[in-house]
Amino acid sequence: MAKRYWLMKSEEEVYSIRDMENDGVTCWEGVRNYEARNLMRDEMKKGDWVLFYHSNATPPGVAGVVEVSKEAYPDYFAFVTKSKYFDSKSDPDNPRWFMVDVTFKEAFSEVVSLNEIKASPKLKDMVLVKRARLSVQPVTKEEFDAIRKMGKEKK
DNA sequence: GCCAACGTTGGC
DNA sequence: GCCAACGTTGGC
């Protein structure tokens with residue numbers, strides 16, 4: 001099965017590419033949207049590459065690359081009453097929410113901003129540009145390669 | 001901080 | 001099953 005490509009959003013203040021680099025590996029907890037969950041649970045495979053996107057940032061944009069290192073398993077934060085991700089409707093015997101683990105690959109020296117992405121003819125059809133509020137989304141190989149190249153070319 | 005987009009909830 | 005109210009995302 002060929003590698004697939006994704007984009008995942010994280011609020012920069014909450015968890016940035018620097019945090020990701022420091023941690024090396026992290027679990028991607030807190031996805032509470034069914035479409036995003038389905039992608040993580042059913043489609044994401046170990047070895048897939050992911051664009052790490054800073055939302056609520058100045059500027060918002062892709063900050064680096066991570067790799068899926070563990071496929072979907074129950075998001076146990078949903079069972080922790082005190083967690084901000086607690087969801088009483090997620091039953092440990094029949095979990096509603098899932099997460100994956102991702103491993104740090106690279107940080108761009110500067111983010112590839114949403115403005116640059118919107119301005120690029122080959123990137124203007126990205127899910128990121130077309131749709132609001134989807135924190136886990138598919139990216140084509142062409143889109144992934146183009147953004148990674150833009151990231152590497154920053155000095 | 002504002003607010004548009006839009007997913008979810010719950011009354012009926 | 002409809003849809004208004006509500007809550008959240010996320011750019012600006």
Side-chain angles (χ1 to χ4, degrees), chain A residues 4-23 26-44 48-68 72-102 104-140 142-151 153-154:
Chain A
R4 293 179 67 180
Y5 301 89
W6 308 94
L7 179 147
M8 298 203 296
K9 297 177 185 174
S10 180
E11 288 183 58
E12 186 178 21
E13 274 186 30
V14 175
Y15 196 84
S16 73
I17 194 74
R18 269 85 54 192
D19 298 318
M20 184 73 246
E21 184 167 16
N22 288 336
D23 292 347
T26 193
C27 56
W28 204 264
E29 79 279 9
V31 171
R32 296 290 179 270
N33 168 283
Y34 290 105
E35 189 174 353
R37 177 206 68 184
N38 292 347
L39 291 171
M40 276 203 309
R41 188 190 59 191
D42 305 333
E43 308 288 338
M44 262 189 198
D48 285 357
W49 284 5
V50 181
L51 296 171
F52 190 110
Y53 182 89
H54 282 170
S55 61
N56 280 313
T58 313
V62 176
V65 176
V66 298
E67 180 175 338
V68 177
Y73 58 105
D75 180 346
Y76 52 79
F77 290 80
F79 314 136
V80 178
T81 320
K82 280 185 286 189
S83 168
K84 70 170 178 167
Y85 298 124
F86 174 69
D87 182 354
S88 62
K89 299 195 207 70
S90 189
D91 176 353
D93 292 329
N94 183 22
R96 174 177 294 204
W97 305 115
F98 288 79
M99 59 186 174
V100 297
D101 284 358
V102 294
F104 176 79
K105 281 192 74 73
E106 60 195 34
F108 302 153
S109 52
E110 209 183 309
V111 300
V112 176
S113 72
L114 181 61
N115 277 342
E116 291 173 79
I117 291 169
K118 284 177 174 168
S120 166
K122 80 175 83 150
L123 297 177
K124 67 176 179 22
D125 290 327
M126 284 183 70
V127 177
L128 179 70
V129 177
K130 299 248 150 169
R131 290 198 43 196
R133 321 179 39 175
L134 186 62
S135 66
V136 176
Q137 54 184 257
V139 171
T140 67
E142 292 69 29
E143 290 162 350
F144 182 92
D145 289 344
I147 288 178
R148 193 170 184 216
K149 183 156 177 279
M150 290 161 78
E153 282 168 2
K154 298 197 179 262

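Keep in mind that the numbers below use all heavy atoms, side chains included, and drop hydrogens, waters and symmetry copies. What you see is a predicted model, and the numbers here were worked out from it, not measured in a lab. Sequence lines set the chain letters: A, B, ... in the order given, protein chains first and strands last, and positions in each chain run from 1.
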[N] [atom2] sits how many Å from [X] [atom1], rounded?
X         : N       : atom1 : atom2 : value
Asn115(A) : dG10(C) : CG    : C1'   : 14 Å
Leu128(A) : dA5(B)  : CG    : P     : 17 Å
Tyr85(A)  : dT8(C)  : OH    : C1'   : 13 Å
Asp87(A)  : dT8(B)  : CG    : C1'   : 12 Å
Arg131(A) : dG10(C) : CZ    : C1'   : 14 Å
Arg96(A)  : dT9(B)  : CZ    : P     : 7 Å
Ile117(A) : dG11(C) : CD1   : C1'   : 13 Å
Glu12(A)  : dT9(C)  : CD    : C1'   : 16 Å

| Touch class at under 4.0 angstrom, heavy-atom based, for Arg32(A) against every strand present |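 Answer is nothing: Arg32(A) stays at 4.0 Å or more from every strand.
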Nearest to the side chain of [X], which nucleotide is it out of [options]?
X         : options                  : answer
Ser55(A)  : dG10(C), dT9(B), dG7(B)  : dG10(C)
Ala132(A) : dA5(B), dG7(B), dG11(C)  : dA5(B)
Arg133(A) : dG7(C), dG10(C), dT9(B)  : dG7(C)
Tyr34(A)  : dG11(C), dT8(B), dG10(C) : dT8(B)
Lys118(A) : dG10(C), dG11(C), dT8(B) : dG11(C)
Lys89(A)  : dC12(C), dT9(B), dT8(B)  : dT9(B)

| message | Is the distance from the ring center of Trp97(A) to that of Tyr34(A) below 6.0 Å? | response | yes
| Interatomic distance, Phe104(A) atom CZ to Thr26(A) atom OG1 [nearest 0.5 angstrom] |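 Going from the CZ atom of Phe104(A) to the OG1 atom of Thr26(A) covers 13.0 Å.
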| Lys130(A) or Asn56(A): which one's nearest nucleotide on DNA chain B is closer to the 5' end? |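 Result: Asn56(A).
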Look at [X] and [N] and indicate whether a side-chain polar atom (N or O) is within less than 4.0 Å of OP1 or OP2.
X        : N       : result
Arg37(A) : dG7(B)  : no
Tyr53(A) : dT9(C)  : no
Lys9(A)  : dG10(C) : yes

| message | Would Arg131(A) and Glu35(A) count as a salt bridge (charged side-chain N to carboxylate O under 4.0 Å, His left out) here? Give the steps. | response | CA-CA 12 Å; Arg131(A) 290 198 43 196; Glu35(A) 189 174 353; 2.9 Å; yes
| Trace of the salt bridge (charged side-chain N to carboxylate O under 4.0 Å, His left out) decision for Glu142(A) with Lys122(A) | CA-CA 8 Å; Glu142(A) 292 69 29; Lys122(A) 80 175 83 150; over 6 Å; no
| How about Tyr5(A) and Asp145(A): does a side-chain donor come under 3.5 Å of a side-chain acceptor? |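 Note: Tyr5(A) and Asp145(A) side chains miss the donor-acceptor criterion.
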